[in-house]
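These numbers come from a predicted model, not from an experiment. Residues take their numbers from the sequence shown, with the count starting at 1.
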Amino acid sequence: MDLSRKLPIGIQDFEKLRRGNYLYVDKTNFVYELASLSTPFFLSRPRRFGKSLLLSTFEAFFLGKKELFAGLEIESKEKDWTEYPVLKISFGAGSYDTNERLKERLDSLVSGFEERFQIKKSFSDAGERLNSIITSIYNITGKPVVILIDEYDKPILDALYTEDEEKNRLELRNFYSPLKDCDAYIRFLFITGITKVSHVNIFSGLNQLNDISMAEDFSSLCGISESELDKYFAPEIEELSKKFKLSLSETKEKLAQMYDGYHFSYGSEGVYNPFCLLKCFYEKKFGSYWFESGTPSFLVKTLENEPVELSNLVNGREANENQIKNYDPDSKNMLPVIYQSGYLTIKGFDMEENLYTLDFPNREVEAGFLEVLLGKFLSAPCDDLGMEITNIKRALRSNDIDKVLSIIKAAIADLPTVVKKEMCENYYESVTHLIFRLSGYRVVSELQSVAGRSDVVVATKDSVFVFELKMDRGRNFEEVATEALSQIDANGYAERFAVAGKKLFKIGVVFSSEGKGMVGWKF
């Protein structure tokens with residue numbers, strides 16, 4: 001690889017990136033378009049998607065650092081390059097799992113602004129001090145203030161499901177309250193976060209806040225689009241293709257399977273996770289970099305505190321826009337958090353019903369998320385999980401159905417404490433489906449059938465396995481297993497998935513409706 005092509009892995013400062021001659025995917029056309037307006041904007045994007053770099057770019061632009069934009073699209077469009085006072089508020093560093101830590105951070109932020117602009121501290125309350133800072137800067141400089149808020153929701157997510165969550169929400173609501181009253185003194189306001197907490201809880205009064213998170217025109221504002229991949233990363237793609245002895249098209253297909261697939265509006269071009277893509281090019285390996293960089297604690301808290309029906313997450317969940325756009329802390333609906341965090345993305349849209357279909361964006365996210373789920377819903381130690389999945393893959397390749405189901409039976413021997421007994425049917429079906437999906441083979445499932453039963457079809461290179469899963473409901477095993485096999489034939493499941501030249505296996509699997517695990521199987 002040409003080492004002069006410096007990949008900006010983990011660099012969130014635009015000035016450092018430009019002065020260090022790092023490769024930059026030009027997003028300044030978006031910056032110019034948004035900066036030309038005075039509307040307050042909000043953008044929700046998953047972690048590691050370049051939100052901080054975007055705000056740093058806005059900061060450099062509004063500070064009038066024209067030299068940093070030489071050769072970029074914005075250079076020919078912007079004529080004035082006016083310098084404005086900029087207040088950048090970031091919660092990216094540190095933990096805010098207690099209200100005291102959040103108060104300390106707010107005090108540190110406003111103290112820094114007061115010192116920089118030589119403003120006397122006139123109040124003790126952080127919100128009142130922010131109000132004073134904004135109006136004082138305007139009076140001192142004669143210019144309206146640019147306010148950039150990065151990861152505004154981190155203090156809420158850090159304290160999720162604790163008594164400090166509500167305290168942090170109230171603290172932030174008070175802190176942000178001047179943003180409405182000081183509107184006349186604000187030139188530009190841009191807020192980023194992972195989730196969008198309902199306005200009534202945080203940005204009280206900012207009813208004019210323009211949420212562009214699902215706007216098609218800005219779908220690739222963060223992330224790397226397919227066209228940008230071709231334009232900026234041809235040498236890296238060629239290097240990968242040589243190493244793995246793949247054609248360029250095969251290499252791109254592999255990259256897409258692993259890191260592409262994020263759609264933040266229906267019909268828009270898919271985008272790649274930029275961190276994972278850059279790490280792949282640097283390491284020259286198709287690794288799982290998003291999850292290697294850390295599983296967000298709030299995801300684990302969500303799974304522990306709000307037991308979910310797994311079928312709602314792993315098999316193409318339908319939802320309307322309101323169900324995924326705003327997170328209401330008082331609601332038990334965690335779908336907005338899971339969608340906005342990037343674990344699910346838009347894969348389809350029913351225009352007549354106005355419903356989005358959500359699913360995993362790519363293989364990396366799917367595998368990582370399923371492992372997190374299984375870690376919470378299986379009794380098997382996490383260290384053993386990867387090995388058992390490998391053993392299942394090997395057993396499927398050799399058509400050893402007894403070994404496949406013996407491993408699954410052992411893994412779900414005990415109903416986890418997070419699963420209620422009345423949810424055991426959904427649990428058994430969903431976990432079986434999850435395990436097969438983790439195998440990496442093509443899996444088709446009908447988890448949400450009217451009867452509540454799940455037909456799982458797994459296809460390997462040489463074979464197709466059709467599983468009919470049933471609960472015993474007090475009946476004997478032989479009767480239920482025979483019924484399952486008959487249902488596969490009666491409903492034509494086997495014919496539907498039959499592929500010429502492949503061996504076809506039909507398997508009836510029976511689970512205990514009393515939560516006692518897998519009763520047995522017949523094929």
Side-chain angles (χ1 to χ4, degrees), residues 1-28 45-57 60 68 71-72 92-93 150-151 192 194 220-262 269-296 341-343 345 360-369 371-372 386 440:
M1 181 183 292
D2 181 2
L3 294 179
S4 65
R5 290 174 59 82
K6 298 166 67 175
L7 300 177
I9 299 172
I11 295 181
Q12 302 177 350
D13 184 84
F14 180 72
E15 183 167 355
K16 178 180 178 181
L17 184 149
R18 295 293 288 168
R19 295 197 187 280
N21 293 317
Y22 287 90
L23 188 65
Y24 175 63
V25 177
D26 193 349
K27 301 287 186 179
T28 59
R45 283 294 182 268
R47 66 190 180 92
R48 299 288 193 174
F49 242 85
K51 300 186 297 295
S52 297
L53 178 60
L54 174 66
L55 287 194
S56 180
T57 309
L68 298 179
L72 301 179
D150 195 17
E151 297 195 48
T192 75
I194 293 177
S220 61
L221 176 58
C222 292
I224 296 172
S225 67
E226 187 72 30
S227 56
E228 289 170 335
L229 180 71
D230 293 333
K231 179 178 179 181
Y232 291 97
F233 298 101
E236 285 75 18
I237 296 172
E238 184 176 356
E239 193 76 15
L240 274 178
S241 69
K242 289 178 181 177
K243 178 178 179 180
F244 291 97
K245 295 180 172 57
L246 300 171
S247 67
L248 290 177
S249 61
E250 288 171 336
T251 305
K252 287 182 62 179
E253 183 178 347
K254 180 72 172 177
L255 287 169
Q257 289 173 352
M258 288 296 292
Y259 313 120
D260 191 15
Y262 293 91
E269 187 178 11
V271 294
Y272 291 76
N273 182 306
F275 175 77
C276 299
L277 197 62
L278 292 174
K279 283 285 287 183
C280 174
F281 289 146
Y282 182 79
E283 300 283 351
K284 301 188 187 69
K285 182 177 69 173
F286 296 101
S288 298
Y289 302 110
W290 201 49
F291 276 86
E292 284 178 4
S293 66
T295 302
S341 302
Y343 300 103
T345 194
F360 299 111
N362 52 52
R363 176 62 186 157
E364 183 201 20
V365 173
E366 177 182 5
F369 187 69
E371 286 180 9
V372 172

Chemist: For Asp26, is there any backbone N or O sitting under 3.5 Å from a side-chain donor or acceptor partner on Tyr232?
Modeler: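 Side chain of Tyr232 to backbone of Asp26: a pair is present.
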Chemist: Which pair of heavy atoms, one from Asp150 and one from Ser52, lies closest together, and at what distance?
Modeler: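 Asp150 and Ser52 have their closest heavy atoms at OD2-OG, 2.5 Å.
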Chemist: I want to check something: taking the side chain as every heavy atom from C-beta on, are Ile237 and Leu248 in contact at a cut-off of under 4.5 Å?
Modeler: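 The answer is yes; the side chains approach within 4.5 Å.
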Chemist: Between the main-chain N or O of Leu68 and the side-chain N or O of Arg18, is there a donor-acceptor pair closer than 3.5 Å?
Modeler: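 Confirmed, Arg18 side chain pairs with Leu68 backbone.
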Chemist: State, to 0.1 Å, how close Gly223 and Lys27 come at their nearest heavy-atom pair, and which atoms those are.
Modeler: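 Answer, listing the atom of Gly223 first, then Lys27: O-NZ, 2.7 Å.
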Chemist: Would you check if the side chain of Ser56 reaches a backbone N or O of Leu53 as a donor-acceptor pair within less than 3.5 Å?
Modeler: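 A pair under 3.5 Å: no.
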Chemist: Sequence neighbours excluded, which residues qualify as salt bridge (Lys or Arg N to Asp or Glu O under 4.0 Å) partners of Asp230?
Modeler: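 Asp230: salt bridge (Lys or Arg N to Asp or Glu O under 4.0 Å) contacts with Lys252.
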Chemist: Start with the C-alpha distance between Phe233 and Val25, add both sets of side-chain angles, then the distance that settles side chain to side chain contact (heavy atoms under 4.5 Å, CB included), and finish with yes or no.
Modeler: CA-CA 10 Å; Phe233 298 101; Val25 177; 3.8 Å; yes
Chemist: Specify the closest pair of heavy atoms between Pro274 and Gly50, including all atoms of both residues, with the distance to one decimal.
Modeler: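 Closest approach of Pro274 to Gly50, heavy atoms only: CG-N, 4.5 Å.
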Chemist: List the atom of Leu240, the atom of Lys285, and the distance in Å for their closest heavy-atom pair.
Modeler: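 Taking every non-hydrogen atom into account, CD2-N, 4.2 Å.
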Chemist: With sequence neighbours excluded, tell me which residues meet side-chain contact (heavy atoms from CB on, under 4.5 Å) with Lys243.
Modeler: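 Counting only residues at least two positions away or on another chain, Lys243 forms a side-chain contact (heavy atoms from CB on, under 4.5 Å) with Lys284.
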Chemist: Measuring from atom OH of Tyr282 to atom CD of Glu236, what distance do you get when rounded to the nearest 0.5 angstrom?
Modeler: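 Interatomic distance, Tyr282 OH to Glu236 CD, rounded to 0.5 Å: 12.5 Å.
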Chemist: Could you tell me if the side chain of Thr345 sits less than 4.5 Å from the side chain of Phe360, heavy atoms only?
Modeler: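 When only atoms from C-beta onward are counted, Thr345 and Phe360 do not touch, as no gap falls below 4.5 Å.
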Chemist: For Phe49, check ring pair (Phe, Tyr, Trp, His ring centres under 6.0 Å) against everything at least two apart and list the hits.
Modeler: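 Here the qualifying residues are Tyr262, Phe264.
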Chemist: Does the side chain of Val365 reach to within under 4.5 Å of the side chain of Asn273, using non-hydrogen atoms?
Modeler: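 No, side chains not in contact.
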Chemist: Just wondering, do Asn362 and Tyr272 contact through their side chains at under 4.5 Å, heavy atoms?
Modeler: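 Heavy-atom side-chain distance check fails, nothing below 4.5 Å.
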Chemist: Are the side chain of Lys254 and the backbone N or O of Ser241 linked by a donor-acceptor pair below 3.5 Å?
Modeler: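 A pair under 3.5 Å: no.
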Chemist: Between Glu364 and Tyr289, is there a donor-acceptor pair closer than 3.5 Å when you use the side chain of the first and the backbone of the second?
Modeler: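 Pair found, side chain donor or acceptor close to backbone of Tyr289.
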Chemist: Salt bridge (Lys or Arg N to Asp or Glu O under 4.0 Å) with Glu269: which residues, sequence neighbours excluded?
Modeler: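 Expected list: none.
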Chemist: Could you measure the distance from the OG atom of Ser220 to the CD atom of Glu226? Nearest 0.5 Å is fine.
Modeler: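 Here the rounded value is 12.0 Å.
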Chemist: Once rounded to the nearest 0.5 Å, what's the spacing between atom CG of Leu55 and atom CZ of Phe14?
Modeler: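 One gets 13.0 Å once the value is rounded to the nearest 0.5 Å.
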Chemist: Quick check for you: to the nearest 0.5 Å, what is the distance between Phe281 atom CZ and Leu7 atom CG?
Modeler: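 Taking CZ in Phe281 and CG in Leu7, the distance rounds to 8.0 Å.
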Chemist: Say you draw a straight line from CG of Leu246 to OG1 of Thr251; how long is it, rounded to the nearest 0.5 Å?
Modeler: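 That separation rounds to 4.5 Å.
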Chemist: For Pro46 and Gly342, which heavy atoms make the closest approach, and how far apart are they?
Modeler: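 Closest heavy-atom pair between Pro46 and Gly342: CG-CA, 3.5 Å.
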Chemist: To the nearest 0.5 Å, what is the distance between CG (Leu255) and SG (Cys276)?
Modeler: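 Output value for this atom pair is 11.5 Å.
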Chemist: Taking Arg47 for its side chain and Trp290 for its backbone only, find out whether a donor-acceptor pair lies under 3.5 Å.
Modeler: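 Pair found, side chain donor or acceptor close to backbone of Trp290.
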Chemist: Sequence neighbours excluded, which residues qualify as ring pair (Phe, Tyr, Trp, His ring centres under 6.0 Å) partners of Phe244?
Modeler: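 Here the qualifying residues are Phe286.
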Chemist: Does any non-hydrogen side-chain atom of Met258 lie less than 4.5 Å from one of Cys280?
Modeler: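 No. Closest side-chain heavy atoms not under 4.5 Å.
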Chemist: If the condition is salt bridge (Lys or Arg N to Asp or Glu O under 4.0 Å), which residues does Glu151 pass it with, not counting sequence neighbours?
Modeler: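 Scan of Glu151 (salt bridge (Lys or Arg N to Asp or Glu O under 4.0 Å), adjacent residues dropped) gives none.
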